Amino acid sequence: MDDQIKISVKSANFFYGSQQALHEVNISIRRCFVTALIGPSGCGKSTFLRALNRMNDLIPGTRLEGRVELDGQDVYSSSMDVIQLRRRVGMIFQRSNPFPMSIYENVAYGPRVNGLMKNRAELDVTVEKTLRSAALWDEVKDRLARSAMSLSGGQQQRLCIARALAVEPEVLLMDEPASALDPISTAKVEELIYELKRTYTIVIVTHNMQQAARVSDETGFFLNGRLVEFAETKKLFTAPAKRETEDYITGRFG
Amino acid sequence: MKGNSRIGAENGVGKMESAPSRHADNTAADDPATEGQTPFSRPLFPPQSAVRNRIDRLGELFISAVAFVVIAIIFLIFIYVAREAAPLAWRTIDGISIWSPLQTPYTWQPVGGVPKFNILPLIVGTLKVTLIAMLLATPLALAAALYTAEFAPPSLREWIKPAVEVLAGIPSVVIGFFVLIVLASWLQDAFGFQFRLNALSAGIGLAFAVIPLIYTVSEDALTSVPKLYREASLALGASKPQTAVRVVLPAASPGIFAALVLGFGRAIGETMIVLLASGNASMLSLSPFVPVRTLSATIASELGEVVFGGGHYRVLFLIGVVLFLITSLLNWIGARYNRRLRQRLSGAA
């Protein structure tokens with residue numbers, strides 16, 4: 001097993017009922033890399049992302065064939081504890097979805113349900129630490145008890161990132177985290193991704209090719225449920241190996 | 001509605017002028033600068049005929065009228081009830097004044113040598129039965145709602161919801177009769193109560209009536225919590241029960257509060273079940289094992305036998321006013337909290 005590889009997917013096929021959404025996907029996601037997944041709507045990139053922490057399990061009638069490995073461990077084996085898996089593989093959603101609770105409680109939620117903290121003081125430290133890593137602390141430190149709904153869209157999304165970081169995951173899956181944000185908030189989130197890459201392995205699905213080019217180390221291009229090309233970001237955007245990739249990144253379709 | 005009719009009116013004008021231009025029925029005709037200049041000055045919506053327009057307005061008028069009539073009926077009922085009670089406010093009738101319901105002794109005994117009209121036993125009785133019903137119904141209804149909203153497989157959910165809603169359709173007289181004939185005897189056999197019919201038996205009957213209401217309203221509140229919250233919680237490594245109790249339930253709490261308030265209002269106003277199952281004797285006591293008489297059951301059982309326009313008659317209407325105000329207030333609070341739930345979940349709060 002390669003030490004550099006965090007997640008390894010081998011000939012994955014995914015089905016919604018009888019409809020096949022992923023065809024023979026093979027990919028190796030490297031540790032402490034930002035891996036971007038691009039492709040037109042409905043190409044399977046979000047489905048693929050949600051297969052990595054088994055969020056698709058929540059949709060009845062779905063199944064995955066093939067193998068998804070996290071540090072060499074089979075994610076879909078019966079011995080895998082899904083709760084433990086999701087703690088290790090955190091997720092940020094397209095629409096920011098803070099809970100209708102206070103800012104503090106949002107961040108403290110993960111550590112609480114996972115029983116990670118022994119006392120309030122420890123929790124306070126974690127909340128501050130994660131809010132700092134999400135570059136939100138200075139903006140909210142005086143109103144931790146206020147409702148998370150009082151934050152702006154960009155702040156809400158960074159709060160969701162802090163919430164995900166609070167359980168100390170190893171991998172962060174981001175499903176178009178900036179698609180609903182204004183350019184300034186987007187820049188902040190991208191900056192944050194750049195910072196987080198030091199500690200975390202990040203997989204980001206995005207519609208925005210410039211964003212993929214800016215933040216990622218490696219990029220995968222999905223089309224019709226197949227992984228068409230997977231390469232170093234620079235190479236994929238400047239010298240794509242496949243015709244479809246070139247057509248897509250030059251804006252011929254999608 | 002208004003916008004459409006305005007466009008329609010303009011169209012009419014355009015037609016009357018019978019302008020030869022192809023823009024005759026165009027709203028952009030308002031603006032001479034753009035007329036005929038670009039192909040975009042074609043109307044966005046096809047012009048409406050005057051007939052169609054009139055039908056729309058008639059429909060609107062009819063719906064408004066029906067809504068107004070319903071509101072008027074409710075209002076008039078209250079006026080009527082209040083009017084029947086009102087004379088007590090300025091004169092004493094058959095030795096009864098507006099203060100009689102507050103005078104000692106604390107006894108409701110309208111028929112007797114010296115009639116006594118203190119309503120405290122009725123109020124205590126009503127609250128006692130209602131409280132028992134709520135204590136029984138709340139945990140059951142909420143647990144059922146949480147189960148169907150969060151845990152039940154979809155096939156089972158489609159079966160449970162209608163079943164509970166059918167329970168809401170059982171006439172209260174049937175529930176009351178069941179308690180009177182069957183359940184009260186079982187309870188007495190099991191616990192050896194001195195009185196077969198008592199506040200507890202009435203409270204249990206009342207709980208049957210209230211459970212579907214609390215269940216339905218709180219289940220709606222729980223299912224209206226966005227899937228996004230559940231996903232976020234599960235993605236953090238929370239289990240399904242943790243998600244249900246720590247995220248979904250708090251998020252839905254205004255709606256659940258509304259469900260409880262509406263249930264309380266229903267229980268306080270409910271008449272037939274308590275009339276049949278409570279023993280219907282006004283005894284001032286805090287024990288749940290003695291017979292009680294409620295405000296509503298008092299009206300139901302006595303109004304048929306009082307002298308029309310007499311003091312007793314007026315006092316019963318006064319009770320009606322009190323009940324009306326309590327239930328209206330509770331319904332208002334319930335609606336308010338349901339609104340708050342929607343605001344909260346849409347992110348406005």
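Note that the structure is predicted; figures quoted are calculated from it, not measured. Just so you know, these numbers use all the heavy atoms, side chains as well, and skip hydrogens, waters and symmetry mates. Just so we're on the same page: letters track the sequence lines, and every chain starts at 1.
- Applying a 4.5 Å heavy-atom cutoff, the residues of residues 89-96 of chain A that approach chain B are A:V89, A:G90, A:M91, A:F93, A:R95.
- Looking at A:P169, neither its backbone nor its side chain comes within 4.5 Å of chain B, counting heavy atoms on both sides.
- Closest heavy-atom contact between B:R246 and A:M101: O-CE, 3.4 Å.
- Considering all non-hydrogen atoms of both residues, B:A238 and A:I83 come closest at O-CG1, 4.4 Å.
- Put simply, the side chain of A:P98 does not reach to within 4.5 Å of the side chain of B:Y229, judged on heavy atoms.
- Shown here for A:Y109 and B:Q242, the closest heavy-atom pair between the two residues is OH-O, 3.9 Å.
- Within the 4.5 angstrom heavy-atom criterion, atoms from both the backbone and the side chain of A:F99 approach chain B.
- Between B:R230 atom CZ and A:N97 atom CG the span is 12.5 Å, to the nearest 0.5 Å.
- Chosen from A:V113, A:D81, A:L58, A:N53, the residue pairing most often with chain B at heavy-atom distances under 4.5 Å is A:V113.
- Applying the 6.0 Å contact sphere to CZ of B:R336 captures no more than 12 heavy atoms from other residues, nucleotides or ligands.
- With a 4.5 Å cut-off on non-hydrogen atoms, A:R54 does not touch chain B at all.
- Annotation: salt bridge (charged side-chain N to carboxylate O under 4.0 Å, His left out) contacts of A:R50 (sequence neighbours excluded): B:E231.
- Chain B is approached within less than 4.5 Å, heavy atom to heavy atom, by no residue from residues 192-205 of chain A.
- Here B:D220 pairs with B:K161 under the salt bridge (charged side-chain N to carboxylate O under 4.0 Å, His left out) rule; sequence neighbours left out.
- Side-chain atoms of A:N114 come within 3.5 Å of backbone N or O of B:L236 as a donor-acceptor pair.
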